Amino acid sequence: MKITKICCIGAGYVGGPTMAVIANKNPHIKVTIVDINQARIDAWNDPDASNLPIYEPGLAEIVEETRGKNLFFSTEIDKAIDESEMIFISVNTPTKTYGKGKGMAADLKYVELCARNIADVATTDKIIVEKSTLPVRTAQAIKSILDNTGSDVKFDILSNPEFLAEGTAIQDLLNPDRVLIGGESEDAIESLASIYGSWVPEHQILKTNVWSSELSKLTANAFLAQRISSINAISELCEKTEANVDEVAKAIGMDSRIGPKFLKSSVGFGGSCFQKDILNLVYIARSYNLHAVADYWEQVIILNDHQKRRFADHLISTLYNTVSGKKIGFLGWAFKKDTNDTRESAAIYVADHLLNEQANIAVYDPKVSNEKMQSDLNHLNTRTEEENSKLVQATKTPYEALKGAHAVAIMTEWDEFKTYDWKKIYSEMKKPAFIFDGRNILDKSEMENMGFEYSSIGQ
Ligand code: NAD
Ligand code: UDX
């Protein structure tokens, strides 16, 4: 099928950047990204590209170059579905918060709504592309909904999971390690492969069966997260033995079989994917009675929760076993640098733990608003909205957050944190002035020479 029009349902962290790059590299294809969230679509259409709903280095430039030419953002979902030959489903698949599988399984209601929407509207044959991360065998459910519409429209289902990481999404999309396409119909696979073929070398476009493709996505995230939990487990042992986790990571990473990436010890991984996808993997394994498999992967999450908790506990015990009424300055709230995304950020859980001990927290993050921080905390339902807004406040500058603070907690590895006037910060903090570097980004001896009591992860 010759593709001239693409529709993508879901204008989020994946749909937005992915389609912007596809449109940019395929000027002959009209790409329309649709969403039910009017405010989000309005932000994508904002003439000032610095107001896009997502912050990603390089994204605004690509959107500005392509929007209005062959890239469009709209809430007219039915129209975009009907006129397109290929439809990407890129909606959220969060962990279920109710019913069977609550807290573990992926909630597929948004995906199913998309399938039903397509089934209702489509009058011509379509290729449906699963871009969302889905449990293995979801394509079967989508196919069943689409094949029972009573019309003679033909649907081919492809799995094309997205491997971009936030903060580097544009680079990841422009230079992917691989593009994965799972499907049955060779024609449909070739139609999608030719779109990526506009900029991705052919040997990097991997074609598999649908189930392998679906399961590869969950497996990739599980392996990546497992590396972080592995090095974080070693970080705790380093703290007891005077080994240095960054030195250990370098030493093992130089083994070409292990490799250097994803070995940075931290306060714990966050983000919308790792935890959700591993919980989902665990749930799927249990549903097949594979309990040893499920227990194995669940440990990655257990260790990650432990890492966040022990960071907060260490801060409290160092501050003479109480943070009640003390000001703690947070640097960073996003789950990693170069994004405004805060989903599952370690900062939220560390803050919640400190707030239970009645700390006052002032936060500076270059890209996250006070409103977002409050909504992250309110979402936990640990205390009232009034209490959260009284105890936690975002500041306009880092110096405001740290002035008069008993301790600094570095939660995100934003580059700018390293460039601050740390002498000034020291002079304005309560003494002893403590730094808890949850990302190991500052130089320990430099900080100690200035007078700080510095502790980091695994050192
Ligand atoms: P997101 O929450 O940022 O965006 C999803 C969008 O879908 C929202 O704007 C929502 O309003 C919209 N939506 C939901 N139901 C809809 C419907 N029925 N019709 C129209 N729009 C609808 O989510 P995201 O981070 O972009 O993730 C999307 C999927 O991609 C998930 O399955 C996720 O696991 C996967 N993924 C995410 C990343 C990442 O880094 N964020 C990376 C790879 C894969
Ligand atoms: C991840 C996967 O990397 C990506 O392939 C997938 O498509 C979506 O999920 P993302 O969550 O956006 O991407 O960012 P990632 O760079 O993987 O970081 C996830 C978390 O792990 C962050 O909190 C990060 O700070 C943390 N991390 C990462 C570490 O603590 N140490 C590391 O060495 C790497």
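Worth saying up front: this structure is predicted, and the values here are computed from it rather than measured. Atom set for the values below is all heavy atoms of this structure, side chains included, hydrogens, waters and symmetry mates excluded. Whatever order the structure lists ligands and atoms in, that order sets their numbers, starting from 1.
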Chemist: Could you check whether the rings of F436 and F434 sit parallel, tilted or perpendicular, using 30° and 60° as the cut-offs?
Modeler: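 Parallel: the ring planes of F436 and F434 meet at under 30°.
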Chemist: I'd like the name of whichever of E130, R40, R116 reaches closest to atom 1 (P) of ligand 1 through any heavy atom.
Modeler: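 Checking each option, the heavy atom nearest atom 1 (P) of ligand 1 is found in R40.
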Chemist: Is K261 near ligand 2, meaning one of its heavy atoms is under 4.0 Å from it?
Modeler: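 Per 4.0 Å heavy-atom rule, K261 does not contact ligand 2.
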Chemist: Counting non-hydrogen protein atoms only, what is the nearest one to atom 21 (N) of ligand 1? Give residue, atom name and distance.
Modeler: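 Of every protein heavy atom, I36 N, 3.4 Å lies nearest to atom 21 (N) of ligand 1.
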Chemist: What is the nearest protein non-hydrogen atom to atom 27 (N) of ligand 2, stated with its residue, atom name and distance?
Modeler: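 Protein heavy atom with the smallest distance to atom 27 (N) of ligand 2: I228 CD1, 3.4 Å.
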Chemist: For S212 and N209, does a side-chain donor sit closer than 3.5 Å to a side-chain acceptor?
Modeler: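 Short answer, yes.
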Chemist: Taking the side chain from N26 and the backbone from I22, do they hold a donor-acceptor pair closer than 3.5 Å?
Modeler: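 Flag set: sc N26 to bb I22 pair under 3.5 Å.
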Chemist: Looking only at N/O atoms, are E413 and ligand 2 under 3.5 Å apart anywhere?
Modeler: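 Among all N and O atoms of E413, none is under 3.5 Å from an N or O of ligand 2.
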Chemist: May I ask you to check if K444 and Y454 form a cation-pi contact, with NZ or CZ under 6.0 angstrom from the six-membered ring centre and within 45° of the axis?
Modeler: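 Cation-pi check for K444 and Y454: fails.
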Chemist: Out of all atoms in ligand 2, which are within 4.0 Å of some heavy atom of K217? Include the element for each.
Modeler: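 In order of numbering, the contacting atoms are 6 (C), 7 (O).
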Chemist: With side-chain hydrogen bond (donor to acceptor under 3.5 Å, both in side chains) as the criterion, how do K30 and T32 come out once you've worked through the C-alpha distance, each side chain's angles and the decisive distance to 0.1 Å?
Modeler: CA-CA 7 Å; K30 178 184 174 191; T32 307; 4.5 Å; no
Chemist: Which of the atoms of ligand 2 are close to S266, meaning less than 4.0 Å from one of its heavy atoms?
Modeler: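 Checking each atom against S266, I get 29 (C), 30 (O).
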Chemist: F274 to ligand 2: N or O pair under 3.5 Å?
Modeler: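 No, no N or O pair falls under 3.5 Å.
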Chemist: Would you tell me which option among K336, Q275, R227, Q307 has the nearest heavy-atom contact to atom 14 (O) of ligand 2?
Modeler: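 That would be K336.
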Chemist: Tell me, which protein residue and heavy-atom name are nearest atom 11 (O) of ligand 2, and how many Å apart are they?
Modeler: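 For atom 11 (O) of ligand 2, the nearest protein heavy atom is F335 CE1, 3.4 Å.
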Chemist: Number the atoms of ligand 1 from 1 as they appear, then name those within less than 4.0 Å of a heavy atom of L164, with their elements.
Modeler: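 The list of qualifying atoms is 40 (O), 42 (C).
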Chemist: Just which atoms of ligand 1 are under 4.0 Å from any heavy atom in K217?
Modeler: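 Those of ligand 1 that fall under 4.0 Å from K217 are 43 (C).
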Chemist: Nearest heavy atom to atom 32 (O) of ligand 1: which of N280, T93, V111 does it belong to?
Modeler: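 The nearest heavy atom belongs to T93.
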Chemist: Determine whether the side chains of S229 and N304 contain a donor N or O and an acceptor N or O closer than 3.5 Å.
Modeler: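 No pair is found: no donor N or O on one side chain lies under 3.5 Å from an acceptor on the other.
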Chemist: So which protein heavy atom does atom 35 (C) of ligand 1 come closest to, and at what separation?
Modeler: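 Residue, atom and distance for the closest contact: T133 OG1, 3.4 Å.
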Chemist: For the pair K154 and D156, evaluate salt bridge (Lys or Arg N to Asp or Glu O under 4.0 Å) and give the outcome as yes or no after the intermediate values.
Modeler: CA-CA 7 Å; K154 182 170 161 280; D156 284 311; 3.2 Å; yes
Chemist: Which residue supplies the protein heavy atom nearest to atom 37 (C) of ligand 1, what is that atom called, and how far is it?
Modeler: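 That would be V14 CG2, 3.1 Å.
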Chemist: Can K143 be said to sit on top of F155's aromatic six-ring, NZ or CZ under 6.0 Å from centre and within 45° of the ring axis?
Modeler: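 Because its charged atom misses either the 6.0 Å distance or the 45° angle limit, K143 does not stack over F155.
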Chemist: Of the side chain and backbone of D341, name the one, both, or neither that has a heavy atom under 4.0 Å from an atom of ligand 1.
Modeler: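 For D341, there is no contact with ligand 1 at all, from either part.
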Chemist: Can you tell whether the side chains of R310 and E239 come within less than 4.0 Å, N to carboxylate O?
Modeler: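 Yes, this pair counts.
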Chemist: Identify, by atom number and element, the atoms of ligand 2 in contact range of E162, meaning under 4.0 Å from any of its heavy atoms.
Modeler: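 Answer, ordered by atom number: 7 (O).
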Chemist: Nearest protein heavy-atom contact for atom 12 (O) of ligand 2: which residue, which atom, what distance?
Modeler: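 Minimum-distance protein heavy atom for atom 12 (O) of ligand 2 reads E166 N, 2.7 Å.
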Chemist: Under 4.0 Å from a heavy atom of L224: give me the atoms of ligand 2 that qualify, with their elements.
Modeler: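 Answer for ligand 2: 3 (O).
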Chemist: Looking at side-chain heavy atoms only, is the closest gap between K207 and S213 below 4.5 Å?
Modeler: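 No, side chains not in contact.
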Chemist: Looking at atom 5 (O) of ligand 2, what's its closest protein heavy atom, distance included?
Modeler: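 The answer is F163 O, 2.7 Å.
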Chemist: Does NZ or CZ of R309 lie under 6.0 Å from the centre of the six-membered ring of Y349, at an angle within 45° of the ring axis?
Modeler: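 No, cation not above the ring by the 6.0 Å, 45° rule.
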Chemist: On a heavy-atom basis, I'd like to know which of V91, V34, I9 is closest to atom 28 (C) of ligand 1.
Modeler: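 Minimum heavy-atom distance to atom 28 (C) of ligand 1 goes to V91.
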Chemist: Measuring from atom 13 (O) of ligand 2, which candidate in A165, G167, P161, G271 has the nearest non-hydrogen atom?
Modeler: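 Heavy atom nearest to atom 13 (O) of ligand 2 belongs to A165.
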Chemist: Applying side-chain hydrogen bond (donor to acceptor under 3.5 Å, both in side chains) to N24 and W199, what does each step give before you reach the verdict?
Modeler: CA-CA 10 Å; N24 191 258; W199 79 100; over 6 Å; no
Chemist: What's the shortest distance from atom 14 (C) of ligand 1 to any protein heavy atom, and which residue and atom give it?
Modeler: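 For atom 14 (C) of ligand 1, the nearest protein heavy atom is N92 OD1, 3.3 Å.
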Chemist: When you look for heavy atoms under 4.0 Å from ligand 1, do you find them on the side chain of R343, its backbone, both, or neither?
Modeler: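 The answer is the side chain of R343.
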Chemist: Please work out which of the three classes, parallel, tilted or perpendicular, describes the rings of F73 and W44, given edges at 30° and 60°.
Modeler: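 Ring orientation of W44 relative to F73: parallel.
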Chemist: Under 4.0 Å from a heavy atom of C273: which atoms of ligand 2 are those, numbered in the order shown and with their elements?
Modeler: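 Matching atoms, with element in brackets: 8 (C), 9 (O).
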Chemist: Could an N or O of ligand 2 be found under 3.5 Å from any N or O of L164, whether backbone or side chain?
Modeler: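 Among all N and O atoms of L164, at least one is under 3.5 Å from an N or O of ligand 2.
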Chemist: Does any donor atom in the side chain of D42 or Q38 lie under 3.5 Å from an acceptor atom in the other side chain?
Modeler: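 Present: a donor and an acceptor within the cut-off.
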Chemist: Name the orientation class of the two ring planes belonging to Y55 and W414 (parallel below 30°, tilted from 30 to 60°, perpendicular beyond 60°).
Modeler: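 Ring orientation of Y55 relative to W414: tilted.
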Chemist: Just to be sure I read this right, does ligand 1 sit under 4.0 Å from the backbone of S132, its side chain, both, or neither, counting only heavy atoms?
Modeler: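 Near ligand 1, S132 shows its backbone as well as its side chain.
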Chemist: Which of the numbered atoms in ligand 1 are under 4.0 angstrom from any heavy atom belonging to Y13?
Modeler: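 Near Y13, the atoms of ligand 1 are 3 (O), 24 (P), 25 (O), 26 (O), 41 (N).
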Chemist: Of the protein's non-hydrogen atoms, which lies at the shortest distance from atom 31 (N) of ligand 2, and what is that distance?
Modeler: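 For this ligand atom, the closest protein heavy atom is K264 O, 2.8 Å.
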Chemist: Going through the distances and angles, do W297 and F223 end up as a ring pair (Phe, Tyr, Trp, His ring centres under 6.0 Å)?
Modeler: CA-CA 9 Å; W297 288 109; F223 268 60; 5.7 Å; yes
Chemist: Does M411 approach ligand 2 within less than 4.0 angstrom via side chain, backbone, both or neither, non-hydrogen atoms only?
Modeler: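 Answer for M411: neither.
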Chemist: What protein heavy atom is closest to atom 41 (N) of ligand 1, reported as residue, atom name and distance in Å?
Modeler: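 Result: E166 OE2, 2.8 Å.
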Chemist: Enumerate the atoms of ligand 2 whose separation from the nearest heavy atom of F269 is less than 4.0 angstrom.
Modeler: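 Taking each heavy atom of F269 in turn, ligand 2 has 20 (C), 21 (O), 23 (O), 26 (C) under 4.0 Å.
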Chemist: Of all the atoms in ligand 1, which lie at a distance below 4.0 Å from a heavy atom belonging to K276?
Modeler: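 Once the distances to K276 are compared, the set is 33 (C), 34 (O).
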Chemist: Distance to 0.1 Å, residue and atom name: give those for the protein heavy atom nearest to atom 25 (O) of ligand 2.
Modeler: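 Protein heavy atom at minimum distance: R439 NH1, 2.7 Å.
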Chemist: Relative to ligand 1, is S90 under 4.0 angstrom through side chain, backbone, both or neither, heavy atoms considered?
Modeler: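 Backbone only.
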Chemist: Compare D35, I89, L108 and give the one whose heavy atom is closest to atom 6 (C) of ligand 1.
Modeler: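 Nearest option to atom 6 (C) of ligand 1, by heavy atoms: D35.
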